[in-house]
Each structure stands twice: as structure tokens, then as C-alpha cells.
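Shown next, in C-alpha cells, is the structure this report addresses.
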Amino acid sequence: MLNFVLFGPPGAGKGTQSQKLIDQYQLIHISTGDLFRAHIKNQSPLGQRVSELIADGQLVPDEITIAMLEEEVDKNPGAKGFIFDGFPRTVPQAAALDEFLESKGSSIAGVIALDVDQEELTKRIAQRQLETGRVDDQADKLQKRIDEYFSKTIHVLPYYEAQNKLSKVNGIGKIDDIFAELCAVVDKY
Ligand code: AMP
């Protein structure tokens with residue numbers, strides 16, 4: 001299996017670029033944010049447990065998120081590989097993912113971090129809020145999500161850097177130019 005993590009703060013373009021990557025490389029896309037939103041929409045017990053946290057812009061506890069992610073991977077036993085989008089967001093999640101993949105004789109091949117400055121992120125999310133109405137894209141919740149990113153999620157980068165798996169790609173510019181840079185990284189594997 002060829003597994004990648006697409007990493008970046010809210011609004012970095014992870015969803016957009018993941019879509020293009022799965023078309024190009026026939027990988028399975030797993031976005032923990034999309035999975036949580038589906039649970040909330042379906043009012044599943046998990047959805048009911050996490051909806052307030054998510055609406056408020058906080059991270060969902062690790063054990064809940066890890067269990068959901070592992071279940072989703074297990075639904076795709078024949079996969080060529082996965083693109084993990086929005087996961088891992090904490091160091092314990094990254095360690096759990098390593099352990100889980102190792103138990104399947106697999107691993108993370110590479111981590112691609114989309115680099116976008118805060119001003120641009122705020123602009124993009126304000127636009128997305130208008131288009132989708134996502135409550136957690138509202139300004140006060142967004143600030144909380146950005147704070148979660150810079151207090152907890154950012155530490156995932158040195159975790160992968162220590163494993164020599166981290167590549168940074170400039171996330172500002174034309175979508176297709178950014179995609180070409182991402183492909184150049186993926187094609188190295
Ligand atoms: P996203 O669509 O990736 O921005 O995720 C939306 C929200 O879902 C986040 O703000 C968190 O509340 C929750 N979430 C998604 N992925 C994770 C994760 N890996 N760990 C904890 N919470 C998550």
C-alpha cells in the first residue's frame with residue numbers, strides 16, 4: 001500500500017487537492033472531518049457525541065477519532081493506498097496510525113504539508129462559509145480551529161520530520177500548479 005498524509009491548517013486546500021490526487025492515483029481518500037460530518041448528518045450515536053465539539057471548533061478526543069479512522073481503513077481491504085486528510089491532528093494520533101499500519105505490514109510513505117499563511121486561510125474560509133454555511137467556519141469558531149492547529153496539530157510535523165517523511169508544498173497559487181507540485185512529491189515513491 002502507498003499511503004500519504006495530506007497535512008495543513010483549515011483552509012489549506014487539503015480537500016480540493018485530495019480529490020485531484022485520488023483521481024490521479026486511485027487511492028482511497030479518508031477525511032476524518034467528512035466522516036464526522038456524515039455521522040452528524042445521520043444523527044448516529046457517534047454524531048450526537050461529537051456534534052457540539054465540532055460546532056465549537058474543538059478537536060474530537062483521540063480515542064474516538066482513531067477508532068473511527070481504523071474502522072474506515074478496514075472497510076477497504078483491497079485498497080492500493082490511502083490519502084489521509086485531516087488525520088493525524090495530534091502526535092498520539094500519528095503514533096496510533098503508525099502502529100495500526102504496521103500491524104497490516106504497511107506504513108506512511110510520505111507526508112505532504114500544504115503551506116498557507118494565516119491571512120490567506122482566513123480569507124478562504126470566509127468564502128467557504130458563504131458557500132457551504134459550515135458553522136465551524138464562522139469567524140469565532142474558525143479562530144478556535146486555527147488555535148487548535150497551532151497548539152496541537154503543528155507538533156505532528158516534527159514527528160514525521162524525524163522519520164524523514166515530510167515534504168512541504170506552497171499551498172498558495174493556482175490549484176493545478178499546486179497539484180503538479182504534489183504529484184512531483186508522490187511520484188518519488
Ligand atoms: P476538517 O473538515 O478536517 O476541518 O474537520 C472538521 C472538524 O472535525 C475539526 O475542527 C474537528 O472538530 C473534527 N476533526 C476532524 N479530524 C479530526 C482529528 N483528526 N482529530 C480530532 N478532531 C478532528
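FYI, the numbering just counts along the sequence from 1. Just so you know, ligand 1 is whichever comes first in the structure, and atom 1 is the first atom listed for that ligand.
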For Gly33, the ligand 1 atoms with a heavy-atom partner under 4.0 Å come out as 1 (P), 2 (O), 3 (O), 5 (O), 15 (C), 16 (N)
Top protein contact for atom 22 (N) of ligand 1, by heavy-atom distance: Val60 N, 3.0 Å
How close do Ile28 and Ile22 get, counting heavy atoms only, and between which atoms? C-CG2, 4.3 Å
Note: Lys144-Asp136 ion pair, threshold 4.0 Å (strictly below): no
Any N/O pair Gln93/ligand 1 closer than 3.5 Å: yes
Can you find an N or O of Arg89 that's nearer than 3.5 Å to an N or O of ligand 1? yes
Give me the nearest non-hydrogen protein atom to atom 16 (N) of ligand 1 as residue plus atom name, then the distance to 0.1 Å. Thr32 OG1, 2.8 Å
Any side-chain heavy-atom pair of Thr65 and Leu59 under 4.5 Å: no
Under a 4.0 Å threshold between the charged nitrogen and the carboxylate oxygen, would Lys75 count as salt-bridged to Glu72? yes
Under 6.0 Å between the ring centres of Phe4 and Tyr189? yes
Quick one: does Lys14 get within less than 4.0 Å of ligand 1, heavy atoms only? no
Short N-O contact, Asp34 and Arg37, less than 4.0 angstrom: yes
Say whether, by atom type as modelled, one donor and one acceptor occur between the side chain of Asn3 and the main chain of Phe82 under 3.5 angstrom. yes
Polar proximity ligand 1 side, Gly86 side, N/O cut 3.5 Å exclusive: yes
For atom 8 (O) of ligand 1, what's the nearest protein heavy atom and its distance? Ile54 CD1, 3.7 Å
Atoms of ligand 1, numbered as shown, that sit under 4.0 Å from any heavy atom of Thr65: 18 (C), 19 (N), 20 (N), 21 (C)
Using a strict cut-off of less than 4.0 Å between a Lys/Arg side-chain nitrogen and an Asp/Glu carboxylate oxygen, indicate whether Glu148 and Arg145 qualify as a salt bridge. no
Under 4.0 Å from a heavy atom of Arg145: give me the atoms of ligand 1 that qualify, with their elements. 4 (O), 10 (O)
Quick one: closest heavy-atom pair of Ala12 and Leu121, and the distance? N-CD2, 3.8 Å
Just jot down the ligand 1 atoms closer than 4.0 angstrom to any heavy atom of Phe36, in number order. 8 (O), 13 (C), 14 (N), 15 (C), 23 (C)
Show me which atoms of ligand 1 lie under 4.0 Å from any heavy atom of Arg134. 1 (P), 2 (O), 4 (O), 6 (C)
Contacting atoms of ligand 1, where contact means under 4.0 angstrom from a heavy atom of Gln58: 11 (C), 12 (O)
